[in-house]
Amino acid sequence: MTTERRLARAEFTLTRGYPVPVERVWGAFAEEQQKLAWWGGGDAMEPGEWVFDFRIGGRDIAEGKFHDGPVSRYEATYTDIVEHLRIVTTYDMWIDGAHMSTSVASLEFEPSAEGTRFTHTEHGVFFDQFWADGPNREQGTRGLVDALGNYLR
């Protein structure tokens, strides 16, 4: 079977207000035990490999198998970190070993009257059979920022 070679791009921005200080939201990304508490598929996944190296040039890996479904693998490199202000990563995703996408994501943390304004902006390139998956990435990321909000409550 021959794979059709296609390429697609998608970008989106998600903004949330969290009723806690910037330092608290920042810690949910910068401290491994906190990130483990909210990141990933929760009960929907059987966890696999996990690597956490929060520093410029550091790499994160999160792998898991959806129950009765595929194995998802996320590998990120931190390209810029400014404490309590921003995190920038490049990351790749695989589904069952097939390279799905490469993305650049920027996370911004701003103090607000209510606590923290958090902005996630992402630019992704989707490969071959995954060319139409951009909207699913936005939906998945929306689930993550909502899980973060639940964790921060």
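Salt bridge status for E108 with R117: absent, with no side-chain N to carboxylate O gap under 4.0 Å. Residues E31 and K35 are not paired through a salt bridge, judged by the lack of any N-O separation under 4.0 Å between the basic side chain and the carboxylate. Using a 4.0 Å cut-off between a side-chain N of Lys or Arg and a carboxylate O of Asp or Glu, R5 and D128 qualify as a salt bridge. Between R9 and E11 there is no salt bridge, since no side-chain nitrogen of the basic residue lies less than 4.0 Å from a carboxylate oxygen of the acidic one.
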Can you check side-chain contact (heavy atoms from CB on, under 4.5 Å) on V88 and Y78, steps first, answer last? CA-CA 6 Å; V88 179; Y78 294 100; over 6 Å; no
R24 vs T116, side-chain hydrogen bond (donor to acceptor under 3.5 Å, both in side chains): CA-CA, chis, key distance, verdict: CA-CA 9 Å; R24 174 84 170 94; T116 300; over 6 Å; no
Working note: E46 + H67, criterion side-chain contact (heavy atoms from CB on, under 4.5 Å); need CA distance, chi angles, decisive distance, verdict. CA-CA 7 Å; E46 299 168 27; H67 298 298; 3.2 Å; yes
Verdict with supporting geometry, D80 and I87, side-chain contact (heavy atoms from CB on, under 4.5 Å): CA-CA 6 Å; D80 188 56; I87 300 169; over 6 Å; no
Dump the intermediate steps for salt bridge (charged side-chain N to carboxylate O under 4.0 Å, His left out) on R16 and D146, then the final yes or no. CA-CA 9 Å; R16 296 289 187 274; D146 291 346; 3.1 Å; yes
Show your reasoning for whether side-chain contact (heavy atoms from CB on, under 4.5 Å) applies to F12 and T121. CA-CA 6 Å; F12 60 90; T121 301; over 6 Å; no
Please walk me through it: do T90 and T79 pass side-chain hydrogen bond (donor to acceptor under 3.5 Å, both in side chains)? CA-CA 7 Å; T90 59; T79 61; 5.9 Å; no
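Of all the heavy atoms in G134 and A10, the pair that sits closest is CA-CB, 3.7 Å. The two atoms that bring F54 and F29 nearest to each other are CD1-O, 4.0 Å, heavy atoms only. Residue V22 comes nearest to P111 through the heavy atom pair CG2-N, 3.5 Å, listed as atom of the first residue, atom of the second, then distance. Residue F66 comes nearest to S72 through the heavy atom pair CE1-CB, 3.7 Å, listed as atom of the first residue, atom of the second, then distance.
Put simply, V20 and L85 are part of two different groups of oily side chains (I, L, V, M, F, W, Y) that touch within less than 4.5 Å, one to the next. Clustering ILVMFWY residues whenever any of their side-chain heavy atoms sit less than 4.5 angstrom apart, transitively, puts F52 in the very cluster that holds I56. Both M93 and L144 are assigned to one and the same hydrophobic cluster, defined by single-linkage of ILVMFWY side chains at heavy-atom distances under 4.5 Å.
In this structure, OG in S101 is found 9.0 Å from CH2 in W94, a value given to the nearest 0.5 Å. The distance from the NE2 atom of H84 to the CD atom of E110 is 14.5 Å, given to the nearest 0.5 Å. The distance from the CZ atom of R59 to the CD atom of E75 is 4.5 Å, given to the nearest 0.5 Å. In this structure, OG1 on T141 lies 12.5 Å from CG on L148, to the nearest 0.5 angstrom. Here the CG-OG1 distance, from D92 to T77, works out to 8.0 Å after rounding to the nearest 0.5 Å. Rounded to the nearest 0.5 angstrom, W50 CH2 and D60 CG are separated by 6.5 Å.
Checked against a 6.0 Å centroid threshold, the rings of W26 and F109 count as neighbours. Residues Y151 and W39 place their aromatic rings such that the two centres sit no closer than 6.0 Å. Annotation: F127 is in aromatic contact with H99 [ring centroid separation under 6.0 Å].
Between F118 and H120, the two ring planes are tilted [angle within 30° to 60°].
Inter-residue side-chain proximity for R137 and M100 is flagged as met; some heavy-atom pair is nearer than 4.5 Å. Annotation: side chain of R86 is not in contact with side chain of I81 (no heavy-atom distance under 4.5 Å). A 4.5 Å side-chain heavy-atom check between L7 and V125 finds at least one atom pair inside the cut-off. Between L152 and V25 there is a side-chain heavy-atom pair separated by less than 4.5 Å.
In this structure, Q139 places its CD atom where only 12 or fewer heavy-atom neighbours from other residues, nucleotides or ligands lie under 6.0 Å away.
Using modelled atom types, one finds a donor on one side chain and an acceptor on the other under 3.5 Å when comparing Y91 with E122.
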